[in-house]
Amino acid sequence: MAAAAAPGALGTLRAGPARLAAACCARLGPGWRLPGSLRGARVAPAMWARGWAPAAGGSAPRRGYSSDVKAEDELRVRYLEEENRGIVVLGINRAYAKNSFSKNLVKMLSKAVDALKSDKKVRTIIVRSEVPGIFCAGADLKERVKMNPSEVGPFVSKIRAVINEIANLPVPTIAAIDGLALGGGLELALACDIRVAASSAKMGLVETKLAIIPGGGGTQRLPRAIGVSLAKELIFSARVLDGQEAKAVGLISHVLEQNPEGDAAYRKALDLAREFLPQGPVAVRVAKLAINQGMETIPTKDRLEGLLAFKEKRPPRYKGE
């Protein structure tokens with residue numbers, strides 16, 4: 001079930017971009033090569049929705065790290081084929097803005113998720129970055145400071161909504177964290193069912209450094225992932241963890257030493273996705289739904305009666321409802 005995010009958390013943010021950069025951003029790593037497992041994979045043209053374009057000559061994503069990346073290339077949706085059929089990769093590609101959430105990226109994510117949630121051929125979704133050293137650095141403050149005050153609230157709500165939409169996808173989702181995941185970037189990863197990271201990755205909910213709180217569901221999902229007390233400690237301190245530290249506290253499921261290509265987490269995510277493919281698709285979907293609902297408090301009448309009886313210091317009158 002989607003976690004309810006704290007209202008108004010990011011909407012009051014008016015800090016300058018330089019301040020956030022100092023707190024949240026890391027230098028991009030060296031260039032990388034396309035992993036061998038993806039060379040030559042095929043993507044059927046019909047599988048690409050309007051506004052999503054495959055790289056020329058195949059499914060390998062074009063890198064395009066400069067600021068001339070076209071808006072339609074900021075999110076690349078790839079339907080893998082052959083032995084990986086059923087796996088869909090959402091690749092964020094905003095290198096010049098540290099993969100931060102812009103109006104366009106949020107719109108594209110929402111459009112992609114809307115198409116994927118009703119596609120019965122989709123078995124597992126991997127969320128990754130196509131930019132070396134970065135997963136997602138949160139909201140795009142350079143774009144934010146140009147907004148009118150009346151635009152900020154709705155924009156933050158849209159970020160929160162798309163993160164919730166990802167959390168509510170009916171199939172397994174895996175976040176491959178090969179770089180920096182701060183603020184909204186970590187909240188995006190927390191919305192996924194499984195998180196894997198390179199040991200060199202950095203992640204944290206750092207909003208309190210800017211006198212705000214996580215606004216994309218982090219105040220709800222982080223405690224569910226690692227426990228209430230430790231989640232409070234990390235949020236109160238705005239602490240940033242590396243991959244090994246994140247694994248130690250249960251924030252991620254697997255940690256890998258980074259490889260020369262810079263995609264160790266993605267490769268592990270792909271291995272996990274392949275493990276899911278042979279299983280019954282309906283069973284996997286129902287299992288995810290059952291687990292998610294089981295994590296929520298069940299609002300039965302008997303439960304409410306039990307609480308009321310305790311408060312009134314009387315025996316409960318249960319009706320099996």
Side-chain angles (χ1 to χ4, degrees), residues 25-43 52 54-66 69 73-100 105 109 112 124-137 166 172-182 185-186 188-189 192-203 241-244 246-247 251-277:
C25 295
R27 181 178 298 177
L28 297 180
W32 57 357
R33 292 179 292 104
L34 182 68
S37 61
L38 292 182
R39 294 193 188 100
R42 295 180 294 104
V43 177
W52 305 334
S59 65
R62 292 165 293 176
R63 290 300 169 188
Y65 298 136
S66 66
V69 172
D73 283 337
E74 291 187 345
L75 180 70
R76 293 168 178 171
V77 181
R78 287 185 292 138
Y79 287 72
L80 304 191
E81 293 287 352
E82 299 172 355
E83 72 274 13
N84 297 321
R85 185 183 298 274
I87 301 172
V88 177
V89 180
L90 299 181
I92 305 174
N93 183 49
R94 299 191 75 227
Y96 65 97
K98 307 295 190 296
N99 280 356
S100 56
L105 179 59
L109 275 169
T124 300
I125 298 167
I126 298 174
V127 180
R128 68 169 300 194
S129 167
E130 295 188 2
V131 179
I134 295 290
F135 177 73
C136 176
I166 290 170
T173 52
I174 308 172
I177 308 171
D178 274 307
L180 197 71
L182 298 180
L186 180 54
L188 172 62
C192 294
D193 300 312
I194 300 166
R195 289 166 293 283
V196 298
S199 57
S200 58
K202 302 292 183 182
M203 59 202 85
L241 307 179
D242 63 25
Q244 295 289 353
K247 175 65 167 63
L251 178 55
I252 62 175
S253 301
H254 301 274
V255 60
L256 304 309
E257 290 299 318
Q258 189 56 280
N259 58 27
E261 291 80 10
D263 65 350
Y266 170 66
R267 293 194 183 201
K268 179 61 178 179
L270 196 57
D271 288 342
L272 290 173
R274 290 188 184 117
E275 286 189 59
F276 303 159
L277 289 179

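Along the sequence shown, residues are numbered consecutively beginning with 1.
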Exercise. Mind listing the closest non-hydrogen atom pair of E83 and L277 along with its distance?
Key: O-CD1, 3.6 Å
Practice problem: Can you sort out the partners of N259 under side chain to side chain contact (heavy atoms under 4.5 Å, CB included), two or more places apart, ordered by chain and number? | Solution: E261, D263, A264, R267
Quiz item: Can you name the side chain to side chain contact (heavy atoms under 4.5 Å, CB included) partners of E257, sequence neighbours left out?
Solution: S199, Q244
Quiz item: Would you say the side chain of V88 lies within less than 4.5 Å of the side chain of R78, judging by non-hydrogen atoms?
Solution: no
Quiz item: After noting the C-alpha distance and the side-chain angles of R195 and S253, does the key distance pass the side chain to side chain donor-acceptor pair (under 3.5 Å) rule?
Solution: CA-CA 6 Å; R195 289 166 293 283; S253 301; over 6 Å; no
Quiz item: In chain order, what residues pass the side chain to side chain contact (heavy atoms under 4.5 Å, CB included) check against T124, with sequence neighbours excluded?
Solution: P172, I174, A273, F276
Quiz item: So, N93 side chain and L75 main chain: donor-acceptor pair closer than 3.5 Å or not?
Solution: no
Self-check item: For D242, all residues meeting salt bridge (charged side-chain N to carboxylate O under 4.0 Å, His left out), sequence neighbours excluded
Solution: none
Quiz prompt | Verdict with supporting geometry, E74 and E130, side chain to side chain contact (heavy atoms under 4.5 Å, CB included) | solution = CA-CA 10 Å; E74 291 187 345; E130 295 188 2; over 6 Å; no
Quiz item: Is there a side chain to side chain contact (heavy atoms under 4.5 Å, CB included) between I125 and I87 once you walk through the steps?
Solution: CA-CA 6 Å; I125 298 167; I87 301 172; over 6 Å; no
Self-check item: Test side chain to side chain contact (heavy atoms under 4.5 Å, CB included) applied to A197 - qualifying residues, sequence neighbours left out
Solution: I177, A201, M203, I252
Exercise. Check whether any side-chain heavy atom of V89 lies under 4.5 Å from a side-chain heavy atom of Y79, and answer yes or no.
Key: no
Practice problem: List the steps, then state whether side chain to side chain contact (heavy atoms under 4.5 Å, CB included) holds for V196 with V255. | Solution: CA-CA 6 Å; V196 298; V255 60; over 6 Å; no
Self-check item: Closest heavy-atom pair and its distance - K202, L182
Solution: O-CD2, 4.3 Å
Practice problem: Taking all heavy atoms of Y266 and all of D178, pick out the closest pair and write down the distance. | Solution: N-OD2, 3.1 Å
Practice problem: Output, in order, the C-alpha distance, side-chain angles, deciding distance and verdict of side chain to side chain contact (heavy atoms under 4.5 Å, CB included) for I92 and V131. | Solution: CA-CA 8 Å; I92 305 174; V131 179; over 6 Å; no
Quiz item: Would you say the side-chain atoms of R128 pair up with the backbone N or O of A176, donor to acceptor, closer than 3.5 Å?
Solution: no
Quiz item: What is the minimum heavy-atom distance between C136 and S100, and which atoms define it?
Solution: SG-CA, 4.4 Å
Exercise. Of all the heavy-atom pairs spanning F135 and A189, show the shortest one and how long it is.
Key: CE2-CB, 4.1 Å
Self-check item: T173 side-chain N/O to D193 backbone N/O, donor-acceptor pair under 3.5 Å
Solution: yes
Self-check item: Short N-O contact, K268 and D271, less than 4.0 angstrom
Solution: no
